[in-house]
Amino acid sequence: MAAPEFTGVNPGAVLGVLAALTLGVVPADSAVGALLAAVVGGALGGAAFASMRDTANLVVYGLLGSALLAGFTTMLLAYQPGRFGNALRWLIGSVEGRVWEHLSVAWWWIAGWIALAWLSSAVLAVLSPGDDHAASLGLPPVAGRAVALTVAIALTAGAASLAGAIAFVGLVVPHAVRRLRGGVLTATLLGGLTLAGADALAQFAGRALAGTQRLGLPTGVVTALAGAAVLVYIARKEPA
């Protein structure tokens, strides 16, 4: 359940971008500024969970923290409602209007951290059975978790700076990859294909629902609906 939207990283990144826009620190059309603001917000949102070892506490406090950050975001929107005409992009998640010019700013960031995630996959494998197992193999658990959290926050913030908080992709895709016995690169490819498919479905549904004019259905709506359905299916298949 350690998905970006459940650990404060996604809502923190979105809050960081909107707060930077509100304070005038970042211009509305600055892709670099959005990336930096999302990194700072995501880091602050996820830092509180770096030292948690118990899974139940991680999920509970993650949900509470995410709700608190979402509340601050709502306060910003209520304070200056006319300033955020495209706030839906950040809150629900959408790749509408994103072209190669936007990706050219963040591709090196995303590619670099994907490479680091692949290089640190062995660390995650050692940490997976527990802290005692990691310590017995000579890996300091706190340092290992810090590396994993840094990589996860950096990747999540980079994605959020481009497309906002698209839900469930970071939760459903890893479950599918584990069933396929794949690794970081498999998750990267499948996550990209999932997002592209959701966007194609959103565009098709938007045109179908609006008739001759395009409705502009956000991609995050499709991923949320599909992700919830997949999670329900997984939960029903798991033994009690």
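The structure displayed is predicted, hence computed values, not measured ones. The first residue in the sequence is number 1, and the count goes up from there.
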Out of curiosity, I153 CD1 to L44 CG, how far, rounded to the nearest 0.5 Å?
9.0 Å
With sequence neighbours excluded, residues passing side chain to side chain contact (heavy atoms under 4.5 Å, CB included) with L15:
L69, F72, T73, L76
Applying side chain to side chain donor-acceptor pair (under 3.5 Å), can you list everything that pairs with T219, at least two apart in sequence or on another chain?
D199
same_hphob_cluster(L225, F204) at 4.5 Å side-chain heavy-atom cutoff:
no
Under a 3.5 Å distance rule, please check whether W113 uses its side chain to pair with a backbone N or O of T150 as donor and acceptor.
no
Looking at A160 and A13, what are the two nearest heavy atoms and their distance?
CB-CB, 3.8 Å
Applying side chain to side chain contact (heavy atoms under 4.5 Å, CB included), can you list everything that pairs with A148, at least two apart in sequence or on another chain?
L124
If you link I, L, V, M, F, W and Y whenever their side-chain heavy atoms are under 4.5 Å apart, who else ends up in the same group as L193?
L189
Is there side-chain contact between V173 and V177, with heavy atoms separated by less than 4.5 Å?
yes
Non-hydrogen atoms of A117 and L155 that approach each other most closely
CB-CD1, 4.3 Å
Specify the closest pair of heavy atoms between P174 and V169, including all atoms of both residues, with the distance to one decimal.
CD-O, 3.7 Å
Residues which pass side chain to side chain contact (heavy atoms under 4.5 Å, CB included) with V126, listed by chain and number, not counting sequence neighbours
H133, A134, L137, L139
Value rounded to 0.5 Å, distance of OG1 in T156 from CG in L149:
9.5 Å
If you look at every heavy atom in I166 and G220, which pair is closest and at what distance?
CG2-CA, 4.4 Å
Closest non-hydrogen atom pair between S120 and V147, with its separation:
CB-CG1, 4.3 Å
Can you list the residues that meet the side chain to side chain contact (heavy atoms under 4.5 Å, CB included) rule with T188, with sequence neighbours excluded?
I114, V184
Nearest non-hydrogen partners of A20 and A37, listed with the distance
CB-CB, 3.8 Å
